[in-house]
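All heavy atoms count here, side chains included; hydrogens, waters and symmetry mates do not.
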Amino acid sequence: MQLKLKLTAVAAIAAVAGMASAQEQVVKIGHVAPVSGAQAHYGKDNENGARMAIEELNAQGITIGGKKIKFELQAEDDAADPKQGTAAAQKLCDAKVAGVVGHLNSGTTIPASKVYNDCGIPHVTGAATNPNLTKPGYKTTFRIIANDNALGAGLAFYAADTLKLKTVAIIDDRTAYGQGVANVFKKVAAEKGMKVVDEQFTTDKATDFMAILTAIKSKNPDAIFFGGMDPQGGPMLRQMEQLGMGNVKYFGGDGICTSEIAKLAAGAKTLSNVVCAEGGASLDKMPGGKAWKAKYDAKYPGQFQVYSPYTYDATHLIVDAMKRANSVDPKVYTPELLKSQYKGVTSTIAFEPNGEMKNPAITLYVYKDGKKTPLN
């Protein structure tokens, strides 16, 4: 009789334990960025931000829809390649992730946004800035950073109004991002009375710019605007110095606005001519920037680039919408994303009806003694 009682008690305990584990639900959140290739330093930084948020959310013991939720990050590499970007998006759709943070590049995010729309999963980018991203009007597309209209215009205003520059040459890397930000700068600079004296093109794989810089040098511009990323920006600054273009200002968007460009410029004095723009406030002016950066550096020393505070906020933003909807089902919680008033590390995040951020800030930076320093 006693043995029977013991067995019954063991069975009861096992049943309770089974119920407890059955009440825990694993919810996957996807992340996509280039973690291989020349832009891997950006991609790893982005992934770190999302991973940090996932760990913090799991430590909170969140319950949604009556179930304890365990979040998992499913991280994919798109190598900054549009084809790989859509393949990664489809993989996340097939894995039935509940939401996606990413991508980094406009060239991968724009085609991937259709894939997410077709499978009904929201994605939040804190890095892709081409205005065309939100043009299709997908209800699943959200951006939590200023787009190129703000970045290109801000740089053109500074060049014309503050520095009083008269002439500029424009180079872009033919990607969706590079062309987009260069076109906005060109348009606004022309409206401000600046003359575009030359336009040249390169690729996002190139490292030799001597021919195009020599052509530009013959036009004697006050400035060069480069639409592209730092793996090209750094060598370009070195080659400008070799060609004796040390007095030419060098403008670019957030793609070159990294601490990495100082390393890639390898001591070129032309680094001090750089003026670049980033969406958002500088870390020091972000509501939770300084404290967050200290946490990040302790966890991922020497890996910070640009966008990790945004991928961190994007991850929290998605979960905040799930909590408000009391559901992890994308069909149920996606409408809540649009109603967000989320107080993040980067800012208070709220959206326009098209998924663009309301009132996004931008910050201009220069490089003083090799260090990226906010201007305003």
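The shortest non-hydrogen separation linking E260 to Q305 is CB-OE1, 3.5 Å. Here the closest non-hydrogen pair linking P221 and T167 is CA-OG1, 3.4 Å. Summarising the geometry of P360 relative to M357, their closest heavy-atom pair is CD-O, 3.6 Å, with the distance given to 0.1 Å.
The closest side-chain donor-acceptor pair between S308 and D45 falls under 3.5 angstrom. With 3.5 Å as the limit, one finds a donor-acceptor pair spanning the side chains of Y177 and D254. Remark: the R51 side chain and the T311 side chain contain no N/O donor-acceptor pair separated by less than 3.5 Å. Side-chain contact of Q232 with D173: a donor-acceptor pair under 3.5 Å is absent, judged by distance alone. For the 3.5 Å distance criterion, the side chains of N132 and K135 qualify, holding a donor opposite an acceptor. Side-chain contact check for N147 and E356: at least one donor-acceptor pair (N or O, by modelled atom type) lies under 3.5 Å. Remark: the N273 side chain and the Y367 side chain contain no N/O donor-acceptor pair separated by less than 3.5 Å. When only modelled atom types and interatomic distance are considered, E72 and Q74 share no side-chain donor-acceptor pair under 3.5 Å. There is no side-chain donor-acceptor pair under 3.5 Å between Q84 and D77. Side chain to side chain, D313 and T346 meet the donor-acceptor criterion of an N or O pair below 3.5 Å.
Seen from the ring of F304, K293 counts as a face-on cation partner, given the 6.0 Å and 45° thresholds. In this structure, K372 is positioned above the aromatic face of Y365, its NZ or CZ under 6.0 Å from the six-membered ring centre and within 45° of the axis.
Atom CE of M210 and atom NZ of K217 lie 9.5 Å apart (nearest 0.5 Å). To the nearest 0.5 Å, the span separating CZ on R174 from CD on Q179 amounts to 4.0 Å. Taken to the nearest 0.5 Å, the OG1 atom of T334 stands 12.0 Å off from the NZ atom of K139. Taking CZ from F225 and CD from E199, the interatomic distance works out to 12.0 Å, rounded to the nearest 0.5 Å. Considering NZ of K166 and NZ of K195, their distance stands at 13.5 Å, rounded to 0.5 Å. Separating the CG atom in D172 from the CG atom in D204 is a distance of 11.0 Å, to the nearest 0.5 Å.
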**Request:** Could you please spell out the steps behind the salt bridge (charged side-chain N to carboxylate O under 4.0 Å, His left out) verdict for E76 and K91?
**Result:** CA-CA 9 Å; E76 301 293 340; K91 189 176 173 186; 3.1 Å; yes
**Request:** List the steps, then state whether salt bridge (charged side-chain N to carboxylate O under 4.0 Å, His left out) holds for K323 with E336.
**Result:** CA-CA 9 Å; K323 291 199 292 199; E336 286 299 324; over 6 Å; no
**Request:** Give the intermediate values and the outcome of salt bridge (charged side-chain N to carboxylate O under 4.0 Å, His left out) for residues R238 and E241.
**Result:** CA-CA 5 Å; R238 289 205 306 273; E241 182 164 86; over 6 Å; no
**Request:** Start with the C-alpha gap between N46 and Y312, add the side-chain angles, then the distance that decides, and say whether side-chain hydrogen bond (donor to acceptor under 3.5 Å, both in side chains) holds.
**Result:** CA-CA 8 Å; N46 278 19; Y312 173 89; over 6 Å; no
**Asked** Would H123 and T141 count as a side-chain hydrogen bond (donor to acceptor under 3.5 Å, both in side chains) if you check the C-alpha gap in whole Å, the side-chain angles of each, and the deciding distance to 0.1 Å?
**Response** CA-CA 6 Å; H123 71 110; T141 298; 3.2 Å; yes
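Both V27 and L57 are assigned to one and the same hydrophobic cluster, defined by single-linkage of ILVMFWY side chains at heavy-atom distances under 4.5 Å. In the hydrophobic clustering of this structure, L271 groups with M240; members are Ile, Leu, Val, Met, Phe, Trp, Tyr whose side-chain heavy atoms approach within less than 4.5 Å, directly or through other members. One hydrophobic cluster, built from ILVMFWY side chains closer than 4.5 Å, holds both L73 and F71. The hydrophobic clustering, which links ILVMFWY residues whose side-chain heavy atoms are closer than 4.5 Å, places Y300 and Y307 together. Under the 4.5 Å side-chain heavy-atom criterion for grouping Ile, Leu, Val, Met, Phe, Trp and Tyr, L151 is connected to V306 within one hydrophobic cluster.
Although no hydrogens or angles enter the test, the distance criterion places a donor-acceptor pair under 3.5 Å between the side chain of N326 and the main chain of G65. In this structure, S340 contributes its side chain and Y342 its backbone to no donor-acceptor pair below 3.5 Å. Remark: side-chain polar atoms of N58 are not paired, donor with acceptor, to backbone N or O of K70 under 3.5 angstrom. Using a distance-only test at 3.5 Å, with no hydrogens or angles considered, no donor-acceptor pair links the side chain of S106 to the main chain of A128. Q239 places a side-chain N or O within 3.5 Å of a backbone atom of T207 that can act as its donor or acceptor partner. Of the possible polar contacts, one joining the T125 side chain to the H103 backbone as a donor-acceptor pair under 3.5 Å is found. In this structure, the side chain of Y310 engages the main chain of G279 through a donor-acceptor pair within 3.5 Å. One N or O on the side chain of K164 and one on the backbone of D161 form a donor-acceptor pair closer than 3.5 Å.
Around the NZ atom of K295, the shell of radius 6.0 Å holds more than 12 heavy atoms that belong to other residues, nucleotides or ligands.
Contact of the Q25 side chain with the K68 side chain is not registered, since no non-hydrogen atoms from C-beta on lie closer than 4.5 Å. In this structure the side chain of I261 reaches within 4.5 angstrom of the side chain of L237, judged on heavy atoms. Residues V332 and M322 fail the side-chain proximity criterion, which asks for heavy atoms closer than 4.5 Å.
Taking the six-membered ring for Trp and the full ring otherwise, the centers of F226 and F251 sit at least 6.0 Å from each other.
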